[in-house]
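Single-structure report; data block below.
Per chain, numbering begins at 1; letters A, B, ... match sequence-line order.
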Amino acid sequence: MTSPIRPPRIPIPLRPTHTLRFIRRLVRRVVVSPGAPPGTLVQVGPEPIHPVVVRILHYTESGIIREKEVEGGDAMVAAGASWVEHTPSGQDISPGETGVAWVDVEGVSHAEALNRFQESTGIHPLVMEDIMAVGQRPKLEEYDDYLFILLRMLRWDEEKGAVEEEQVSVLVGRGRLLTFRETPGDLFQVIRERIRGGKGRIRKGGADYLAYAVVDLVVDSCFEVLERLGERLEQAEEEILVNPVPELLQQIRFLKRELLLLRRSIWPLREMLGELERGELEMVDPATRPYLKDTYDHVVHVMDTVDALRDMTAGTLDLYVSTLGHRSNEVMKVLTVIASIFIPLTFIAGVYGMNFHFMPELARPWAYPAVLLLMAALGVGMYLFFRYRRWI
Amino acid sequence: MTSPIRPPRIPIPLRPTHTLRFIRRLVRRVVVSPGAPPGTLVQVGPEPIHPVVVRILHYTESGIIREKEVEGGDAMVAAGASWVEHTPSGQDISPGETGVAWVDVEGVSHAEALNRFQESTGIHPLVMEDIMAVGQRPKLEEYDDYLFILLRMLRWDEEKGAVEEEQVSVLVGRGRLLTFRETPGDLFQVIRERIRGGKGRIRKGGADYLAYAVVDLVVDSCFEVLERLGERLEQAEEEILVNPVPELLQQIRFLKRELLLLRRSIWPLREMLGELERGELEMVDPATRPYLKDTYDHVVHVMDTVDALRDMTAGTLDLYVSTLGHRSNEVMKVLTVIASIFIPLTFIAGVYGMNFHFMPELARPWAYPAVLLLMAALGVGMYLFFRYRRWI
Amino acid sequence: MTSPIRPPRIPIPLRPTHTLRFIRRLVRRVVVSPGAPPGTLVQVGPEPIHPVVVRILHYTESGIIREKEVEGGDAMVAAGASWVEHTPSGQDISPGETGVAWVDVEGVSHAEALNRFQESTGIHPLVMEDIMAVGQRPKLEEYDDYLFILLRMLRWDEEKGAVEEEQVSVLVGRGRLLTFRETPGDLFQVIRERIRGGKGRIRKGGADYLAYAVVDLVVDSCFEVLERLGERLEQAEEEILVNPVPELLQQIRFLKRELLLLRRSIWPLREMLGELERGELEMVDPATRPYLKDTYDHVVHVMDTVDALRDMTAGTLDLYVSTLGHRSNEVMKVLTVIASIFIPLTFIAGVYGMNFHFMPELARPWAYPAVLLLMAALGVGMYLFFRYRRWI
Amino acid sequence: MTSPIRPPRIPIPLRPTHTLRFIRRLVRRVVVSPGAPPGTLVQVGPEPIHPVVVRILHYTESGIIREKEVEGGDAMVAAGASWVEHTPSGQDISPGETGVAWVDVEGVSHAEALNRFQESTGIHPLVMEDIMAVGQRPKLEEYDDYLFILLRMLRWDEEKGAVEEEQVSVLVGRGRLLTFRETPGDLFQVIRERIRGGKGRIRKGGADYLAYAVVDLVVDSCFEVLERLGERLEQAEEEILVNPVPELLQQIRFLKRELLLLRRSIWPLREMLGELERGELEMVDPATRPYLKDTYDHVVHVMDTVDALRDMTAGTLDLYVSTLGHRSNEVMKVLTVIASIFIPLTFIAGVYGMNFHFMPELARPWAYPAVLLLMAALGVGMYLFFRYRRWI
Amino acid sequence: MTSPIRPPRIPIPLRPTHTLRFIRRLVRRVVVSPGAPPGTLVQVGPEPIHPVVVRILHYTESGIIREKEVEGGDAMVAAGASWVEHTPSGQDISPGETGVAWVDVEGVSHAEALNRFQESTGIHPLVMEDIMAVGQRPKLEEYDDYLFILLRMLRWDEEKGAVEEEQVSVLVGRGRLLTFRETPGDLFQVIRERIRGGKGRIRKGGADYLAYAVVDLVVDSCFEVLERLGERLEQAEEEILVNPVPELLQQIRFLKRELLLLRRSIWPLREMLGELERGELEMVDPATRPYLKDTYDHVVHVMDTVDALRDMTAGTLDLYVSTLGHRSNEVMKVLTVIASIFIPLTFIAGVYGMNFHFMPELARPWAYPAVLLLMAALGVGMYLFFRYRRWI
């Protein structure tokens, strides 16, 4: 008799398992088409709805030189060409200043435009293929005059109640930064604001510091996702204690998968940041290294928290099984006790319902009350015995 | 009362465990005959049904020089001899061009012909033994004038509903490639088409690039297998929620084994591609290395997905056990409640069925309806109490 | 019939799961505000209640030169300035002596004051940010003229019945030590006493030895926490054997989490102390190294004990499940036996309660006692059979 | 209603756990007698029954020089002395040929004779002690003029239905090989045959190639053991599906232990063969290295298969638990349904068995058939409801 | 019906969990007093009862020079002083001989005497603290003129039925050995006997060989402990099959903990012996290295056996759960079958016990035997059906 106050019934959304969708998310568009020559940029899936949006930001330590937002594939190709030609000491920068040209491309499914972009910029075809195939693992590759950083940005989508992933590709050149993303919306709004405001090191640092700011944003966004997942887990736990239904198990499995995705997106960042921070890459300024070390520490912190959450999720499964077992036991015990008390009593009643002609006690006037008393005593006795043995 | 709408009964094919067959698949033909001298090529099993098929393709950057398909052991020996004699700057290639001679042998169970092949080509007897013993782990071995790459190609056999494995052996020489396979059918059709079409780097690259194309094909074919296994897992999960029968457990165990096989076939590729890509092998051109790195990334991706699928398969087992337990609990609870309500009522009926002579209430006209009312009240009261306690 | 003596009912405090709070503790204040420039010291949370307290202790081998306790941000900034200017051979130390200036700051949430402190001391902004963000992982960083050591002090809070964590930041310079903590109260009382007493090496050693004393205090405080957790685990185990309720499962999960926190706080110390002890850091005197090795051994000991406790906690779960199952089995078995004995007897009574006109045995005078005897014999026989089969 | 056709009852041999015997097998004779000086060769256990048998085989590339089989300790000592004196270019070998003298000793429990053998050959006392203590882990040790290789040969003993282990010690000198084994019978018959036949490299290779042949034989013998264990596992699985009795659990635990033993015997071979193959040992000819690599691959293959079998054995346990649970559920459900249908019906019968004087329906002629109809309708209705809810 | 012969009830000693005692054993006396200066030798716990016993043994290759046993702290201090002064070529040794002076101290809790000992010998205070704090992990430390080896000796205490641990500290100098132990009794009796007997290398080897003999004794003593634990495990398994009570679970958990302790005591020896054997330590003679390698192999063997025992212990838990489940199922099934057979029969009896006036069959003379026959047929039919379905 553990729960005297009746807890309210909480409706739990039945969540389908989505195993296949999950697997497809893992496999998705890594291989553009099996057997095709590598470096081929092919249109995958339906024609893209959103146009390409290009955000150009050209700044030096003293201020912003150019800032514009253009649309369409041609604008992208043009921006790519100007990005390639840009040198740190460009024409519109006073001598001695380091200017950074940042071209941020939104929409990576326009195969034809990206093909032209590749041709005009001379970026390695495999890099362009990786940019388009948006299910890649995070990685860091060093090319002759740029670093290629591939990241996975995570966001909690409150509407879907799930983690949303987006692939962010970063190319860091000397005084040049190129970023590629897929979904509409200015993801780097907050960084752009810091450049405009001119606070901190951001305008003083080079393209490597700007790349660091992007990586840092990606890592920091995990903390919010983790907090959301923690909330969900807590909610699931509370519901388990109240009403352990199999839907909650599905919920827990869903959380496990989201944590798996998160882990896959973050784990390679560890090695990557370690490599960036060790300072063997020419493109990274020594002054940026403490900042990268700081982000590295954050990644380790995220991994720790992911692992703690995974541990706790596994514990929730134990809680589910054990709560279910306990509840079921409680029911069975009380009900079996009822049966056990009344079955012997019914037997006694059955004995005196027999039709033998010679049953002398039937004729005694005190027999009926005596039998009733006996039954009552037996019932109460068994009840007390069961309580004493802690069976109810 | 979780499932008010009756779900349709899905027939599940009862899948035998096949443990022994699985073990034999693992052990199969690795040892030709214990105690026999190594490098002996002995006929294993019955006489092969399919003849040896040899596909010769000789191409340079400018075009295809020779392409033919011959049958039989003698043709294979002849092709082997010409393969050995081939030098990158052969007679029918304009100076400065690099030509590649690719001999693709189908059918590796003709011991006698392979013996002659070995003698005429001078390939190490242990390599030939590995080619014939088709249950080997993938590996990479460097010999004096060729690299020996052993791969396992995976395909989903829709008919059998299982993963099919095939051993693919690759020998990469300077301007020469030799491939061995077992089952009939042109596995490398798609690569041959690319050579014929002349698109991409394939005709420009040497034999090492062609070997990369083969390895890449093997790795990419895993993604389809993974998607099929994901579909099966999802189907099994859905059926578990509807009707958790032990056959589904067998299905899950079957999926676990297929994943185990997949893992075994892919895991050694990681190290192998790492070694190829590090560029310490003389046979591998530096220009091919970024492509090998790309395939390496795909292998890592496959491994990640395999591990995620294994995790999910393990979770499915939990789901099975818990769904079974929940369903069984539901049944037991409702039925036990029925018993618990009627047993006390039966006792009351039994009391008034006793044959004592002095039972004054029996003679009262209101007694019968009163007892019926009492019974009804008791039954309804217990039912409400059980509902209140959430036992039903 | 295992427990003839009725054990007393022990009231167990129902402990909420606190998953969210736990996750927040993990994520807490690591990121001051996502997207903000790194090294920004921002006021997080409400205005701090407690004022900054600064404890200054300046000692040489021969005695204490200065010791004072001041309050407020301005005092802190002043102490910081004097700390920077301090050199081992200061004005008030006889030549040849090594003096150590120790500034211990309590209260790290006064953003504005810490900002001024950073400016006046020139400590790297990222270090100051780490000092303020009190949820960091322990770490060791080497800067040009100081070592930065970040620690997590653990204490058992008897009132809350939980482990309390506090971040302790240590900056070791040549002849200078700077410590930062959050909660009010002199944590380093015991070290200060040793300096005042002048016993042991403490006044002879430099700032590195003093830093060692702080690290050693942090590590040693874990042993008490471990003993408390062990007590709780033992108590939980005893209660499980008496009365396995789900609340105990919550208790076990709570202990698992505290052990997880402890592990996270101690694990990085291993590597850190290894690095300190290897003697590659200029700031650490070779004479201090055996002491650091000793602390390293203690850390390994703590880790071993944490792992043993985790193992035992996992075993407690098995104990819970199995005790619950055993108790439930006992109940069910005994009660089912009762039913099994009386149901056949009731059937016999039912037979002789039938109203057939021709039931010759009903008229025999010996029939009733004979049937009663039969029933008794049957009941006793079944009881004996059940005992023989060890079912009860 | 899963099994309409009654499967035949398969008798399963009840296998005792033998934990102690297993532990003793692990600990057996590793320590001759605790505290005794190392290198002491003491008679352990009862006096050996079988005499020492020595098989001497002296061959060169051109043919066999000497082959004889002698018995007794004195013959062994004599063979040892001649073995030591043997040099590759002995008296009876034509110049330029490499002859190999192989002395194969059977019976390692004759302490006294082995003592004399040690004295006459000058082999390190610790090596001799290892040869006698037949429970050692496989290992490789390099001494001044010989390599000491300790192996564990595995065989499937069909009679006992268990894996039999035998320790094989190999000493490889220049042109000399010494092998020690325990049980009677010519284990190396197949190698001797190959030497006699003169096929393959065996007579051309030196003592190192002969040692390779011994190691290869040991590794290849594992494949048969694995197939036998696979058969047993399959059999156990099939029996589980038919009739899950606890004896099968014992069978599974037995298989797990045999796999553990196998793993322990094979695992150290990996490192050992790696060391042999790396070619840093003077005793190993470079031409033998590809063969050692081949055996290394086989060891890896064996380890993979052992791990796959262990995985499957673990899965069998799940299958056992789940099949048992499913069968038990089926029984309980059907039987509980029977009870649930008849208990309410019995209640109705009880009501009309009450002896109230005023029960008007008792007097109606249609009442009895009506009640019977009601009962039938209720019974059928409940049955249909239970089927609809999938409870039976 | 699995157990037709009633097995005897084996009384199992109820073993309390002792979690706290276990934790205290782990934490015990590692920290003498938190916050105290390191290297302080403080009296921990009550005044020691047993006096200090010092056993001095001074021997050369040719014989024993001095052997005496003295008591009390002063004697210890004197022995320490003479130990320090001892040089391998001492006054009473013929030139060219290497003499070894071995001082064996029993009783390490006399803080005051040990303090004086430390002062007179100049041993590092941290070493002395480690010697006194008897809960340390095994370790090896190199000091300028001695090696410090800390070991944990394990013995099976038959009376307590538990593993007893004792810390053994060894200081190896050139020609000098110092050992410290706690409990009374000459642990090294067997080594002393070997020195007296002069057999083997023991008198020829230096102090390093004597230290090896001590380490070897510690390692070899584990084998007996393992065999005892194996016996206990086998006993527990047998009892589980007969009567699975929760006390056995406690027994298994107890065994798991003892194995954990054993593992903790042996694991660090692996690394330690590896370091000793690699031969980089000046104090270790190359001739001693094969012996250390031998002990290293024994440690690996112990670890393997510990891991096998742990695996088997985990399997025993599965056995417990499954046997309990199987027994409980057997009971429930048979009893439920009884109920299922009699409930329908009772219903039939109830029908003919109804008091309807118009029940024509009641008046037929054949009705009563016909109903009895029907009941018998139904009962037997159901019984046969249940058997056919393998439910009983």
Side-chain angles (χ1 to χ4, degrees), chain A residues 3 6 17-20 22-24 26-27 30-31 34-35 37-40 124 126 129-130 136-137 139 141 243 245-246 249-250 253 256-257 260 264 317 320-321 324-325 328 331-332 334-336 338-339 342-343 345-346 349-350 352-355 359 362-365 367-368 371-372 375, chain B residues 2 190-191 193-194 199-202 216-217 220-221 223-224 226-227 229-231 233-234 237-238 241 290-291 293-294 297-298 300-301 304-305 308-309 311-312 315 318-319 322-323 325-326 329 332-333 336-337 339-340 343-344 346-347 350-351 353-359 388-391:
Chain A
S3 58
R6 186 174 180 172
T17 44
H18 295 316
T19 300
L20 192 54
F22 181 69
I23 293 301
R24 288 209 173 118
L26 287 179
V27 175
V30 170
V31 188
T40 326
H124 197 287
L126 284 174
E129 195 188 345
D130 280 341
Q136 303 284 322
R137 277 180 102 236
K139 61 180 168 182
E141 281 171 4
N243 192 21
V245 289
L249 207 65
Q250 292 289 80
R253 296 188 71 212
K256 270 175 85 174
R257 283 185 196 173
L260 200 69
R264 282 184 71 246
L317 195 64
Y320 173 82
V321 169
L324 192 63
S328 160
V331 177
M332 299 295 276
V334 174
L335 300 185
T336 312
I338 290 176
F342 281 101
I343 283 172
L345 299 186
T346 306
Y352 291 107
M354 292 194 294
N355 297 324
M359 292 175 74
L362 292 184
R364 308 282 144 86
Y368 176 53
V371 163
L372 285 186
M375 284 171 171
Chain B
T2 34
V190 69
I191 297 173
E193 281 303 330
R194 265 160 64 197
K199 280 207 292 192
R201 278 202 61 200
I202 194 135
D216 197 50
L217 187 71
D220 282 2
S221 65
F223 286 106
E224 202 221 326
L226 283 171
E227 211 164 330
L229 291 174
E231 276 170 15
L233 184 59
E234 168 130 321
E237 280 183 359
E238 277 167 9
L241 285 174
Y291 295 92
K293 177 74 176 62
D294 194 59
D297 288 347
H298 285 192
V300 172
H301 202 108
D304 274 13
T305 313
L309 263 169
D311 256 38
M312 270 184 280
D318 289 338
L319 187 71
S322 119
T323 311
H326 196 262
N329 269 335
M332 300 295 275
K333 263 158 61 178
T336 313
V337 164
S340 301
I343 283 172
T346 306
F347 164 68
V351 164
M354 291 196 292
N355 297 323
F356 289 106
H357 300 182
F358 303 95
M359 290 176 76
Y388 168 72
R389 295 298 293 264
R390 292 253 174 96
W391 290 344

* To do: Using side-chain hydrogen bond (donor to acceptor under 3.5 Å, both in side chains) as the criterion, list what pairs up with A:Tyr352, not counting sequence neighbours.
  => none
* Asked: Shortest non-hydrogen contact from B:Met354 to A:Ala349?
  -> CG-O, 3.3 Å
* Structure fact -> One option among B:Asp311, B:Val300, B:Ile202 has the most heavy-atom pairs under 4.5 Å with chain A, and it is B:Val300
* Could you tell me which of A:Leu345, A:Leu372, A:Leu324 has the largest number of non-hydrogen atom pairs under 4.5 Å with chain B? => A:Leu345
* Structure fact -> d(A:Arg264 CZ, B:His301 NE2) to nearest 0.5 Å is 5.0 Å
* To do: Find the distance between CD (A:Gln136) and CG (B:Asp294) and round it off to the nearest 0.5 Å.
  => 7.0 Å
* To the nearest 0.5 Å, what is the distance between CD (A:Gln250) and CG (B:Leu319)? -> 5.0 Å
* Closest heavy-atom pair and its distance - B:Ala308, A:Leu260 -> CB-CD2, 3.6 Å
* To do: To the nearest 0.5 Å, tell me how far B:Tyr291 OH sits from A:His124 NE2.
  => 4.5 Å
* Structure fact -> Per-residue tally against chain A (heavy atom, under 4.5 Å) across B:Gly353, B:Gly315, B:Ala339 peaks at B:Gly315
* Measuring heavy-atom distances to chain B, does A:Met375 have an atom under 4.5 Å in its side chain, in its backbone, in both, or in neither? -> side chain
* Structure fact -> dist A:Ile343:CD1 -> B:Thr346:OG1 (nearest 0.5 Å) comes out at 10.0 Å
* Pairing residues for A:Asn355 by the side-chain hydrogen bond (donor to acceptor under 3.5 Å, both in side chains) criterion, not counting sequence neighbours -> B:Asn355, C:Asn355
* Proximal component of B:Thr323, with respect to chain A [non-hydrogen, under 4.5 Å] -> neither
* Over all heavy atoms of both residues, which pair between B:Phe358 and A:Ala363 is shortest? Give the atoms and the distance, please. => CE1-O, 2.8 Å
* To do: Could you tell me which non-hydrogen atom of B:Met312 sits nearest to which non-hydrogen atom of A:Arg253, and how far apart they are?
  => O-NH2, 3.3 Å
* Residue part contacting chain B, namely of A:Leu249, when any heavy atom lies under 4.5 Å -> side chain
